[in-house]
Amino acid sequence: MVDKRAFRQYNEGRGEKGMKAIFLYITGTGNTRRVCEALAGAWRARGHEADCLELRGDAPIPDLSAYDRIVFGYPVHAFNAPAPALNALRRFPQADGQKVWFVRTSGEPLALNDAAIVMPRRLLRKRGYRLAGDFYYVMPYNIIFRHSDGMAARMWKIVLFRVAGDAAAMEAGTGSIPRVGPVKRLVSFVLRIEHPSMPWMGKGFRAEESCIGCGTCAAHCPAGNIRMDGGTPRFGGQCFGCMACAFACPKDAVRIGILNGWRVNGGYDFTAPPATDEAVCRYCRRAYLRYFHRWENK
């Protein structure tokens, strides 16, 4: 939640002008990219500059000392930051107390997702940075099950409402950071098994006969884990479970091994009429309603 000081500065238009921010992000199916770009737009609307950079594979980290604000965005996987996000933070140049804001996205508004800041925050400290704030947004699933377009549109409506206040918090140099208790840490620690297991499970991904050899899966893979061989995708051992391949396939031809029952294919229509309370999904229904009402009642 953005603090009152940040909202007051937003409403009054105060704050140092002409600052420059960089938005570095890891994304698979585009949710984190959409949120970071929306937040960057709100930052620019306040009279500042913003650079947005997607980090794919082992892409080098730019000189961060040239920026007044650093934002690092990543999706939450099983209540953890995905392995590429941690690897990117390990490549951050050494700093001396420079502030960083996290942007996290996940498919369900559960408090357990707060544990996804633990490892990234620890790595920031080792590199000499300080976490100034954490912006947590709910976006539609790309695995487990498919949200309705109405649910996606309502989530996106919340994003568009929130980014102005979050940009104001960045301008003020403030932000909130969730407390992560022992239960959240334990659950996150157990499910961190995803990091070593996903590369192994990803080798079991395959394309069915309906594959047209278009290479969309390879083009969308942020890990560079897919190569086209005679018009057929071949899956390597660098998968981190972003599901971009299955999500983006125009023929729904990608099968994701033992996780195939959770496969989600095809993009969402964020311009659809937002779902009513009655149309909110039964899964984690109360948590979604609390999240929606918390921001809609501001």
Side-chain angles (χ1 to χ4, degrees), residues 25-38 52-59 73-78 82-85 87-88 105-108 138-153 155-156 159 194-273 275 281 283:
Y25 57 86
I26 307 291
T27 193
T29 57
N31 282 336
T32 307
R33 177 191 299 112
R34 287 180 66 94
V35 173
C36 283
E37 289 179 348
C52 292
L53 178 63
E54 178 182 349
L55 298 175
R56 296 171 67 92
D58 294 326
Y74 57 93
V76 177
H77 287 194
N87 292 336
T105 61
S106 75
E108 72 287 297
V138 177
M139 290 289 279
Y141 273 141
N142 56 21
I143 189 173
I144 302 180
F145 70 89
R146 184 179 180 83
H147 280 115
S148 68
D149 285 343
M151 280 284 288
M155 293 172 187
W156 184 239
V159 172
E194 179 193 84
H195 290 178
S197 63
M198 204 59 236
W200 172 78
M201 288 192 290
K203 292 181 180 180
F205 289 14
R206 61 182 176 82
E208 292 198 325
E209 292 182 359
S210 57
C211 173
I212 58 176
C214 65
T216 299
C217 55
H220 280 75
C221 179
N225 187 54
I226 306 171
R227 63 180 178 86
M228 299 302 294
D229 181 7
T232 301
R234 305 296 183 188
F235 298 86
Q238 302 299 318
C239 180
F240 67 92
C242 77
M243 301 303 157
C245 54
F247 189 82
C249 179
K251 294 296 182 180
D252 193 16
V254 176
R255 297 296 177 264
I256 56 174
I258 63 176
L259 301 174
N260 200 55
W262 285 356
R263 187 180 78 259
V264 173
N265 174 255
Y268 290 95
D269 181 5
F270 290 95
T271 66
C281 60
Y283 176 77

Novice: Among all residues two or more places apart in sequence or in another chain, which pass the side-chain contact (heavy atoms from CB on, under 4.5 Å) test with Glu208?
Specialist: Arg206, Ser210, Arg255
Novice: Is any side-chain heavy atom of Phe235 less than 4.5 Å from a side-chain heavy atom of Val254?
Specialist: yes
Novice: A side-chain contact here means heavy atoms from C-beta on lying under 4.5 Å apart; do Pro84 and Pro222 qualify?
Specialist: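 Not touching, per the 4.5 Å side-chain cut-off.
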Novice: When you compare the side chain of Pro233 with that of Cys211, does any pair of heavy atoms fall below 4.5 Å?
Specialist: yes
Novice: Applying side-chain contact (heavy atoms from CB on, under 4.5 Å) between Met243 and each of Leu259, Asn265, Val264, report the one that passes.
Specialist: Leu259
Novice: Quick one: does Met151's side chain get under 4.5 Å of Cys281's, heavy atoms only?
Specialist: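 A side-chain contact under 4.5 Å exists here.
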Novice: Hey, are Tyr141 and Glu108 close enough side-chain-wise for a donor-acceptor pair under 3.5 Å?
Specialist: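 A pair is found: one side chain offers a donor N or O, the other an acceptor, under 3.5 Å apart.
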Novice: Distance from Asp269 atom CG to Trp156 atom CH2, nearest 0.5 Å?
Specialist: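 Those atoms lie 13.0 Å apart.
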Novice: Roughly how far, to the nearest 0.5 Å, is the OG atom of Ser106 from the NE2 atom of His77?
Specialist: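 Between atom NE2 of His77 and atom OG of Ser106 there are 10.0 Å.
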Novice: When rounded to the nearest 0.5 angstrom, what distance separates OH in Tyr74 from OG1 in Thr105?
Specialist: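 It comes to 9.5 Å.
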Novice: Answer whether the closest heavy-atom distance between the side chains of Phe247 and Arg263 falls below 4.5 Å.
Specialist: no
Novice: Hey, mind stepping through Trp262 and Phe145 against side chain to side chain contact (heavy atoms under 4.5 Å, CB included) and telling me if it holds?
Specialist: CA-CA 6 Å; Trp262 285 356; Phe145 70 89; over 6 Å; no
Novice: About how many Å separate CD of Glu37 and OG1 of Thr32, when rounded to the nearest 0.5 Å?
Specialist: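 Result: 11.0 Å between the selected atoms.
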Novice: I'd like to know if the side chain of Asp229 reaches the main chain of Arg234, judged simply by a donor and an acceptor atom lying under 3.5 Å from each other, with no hydrogens or angles considered.
Specialist: no
Novice: Return each pair, listed once, that meets side chain to side chain donor-acceptor pair (under 3.5 Å) where at least one residue sits in residues 143-153; pairs must be two or more places apart or across chains.
Specialist: His147-Tyr288
Novice: Once you round to the nearest 0.5 Å, how far does CE of Met139 lie from OG1 of Thr27?
Specialist: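 Atom-to-atom, Met139:CE and Thr27:OG1 are 9.0 Å apart.
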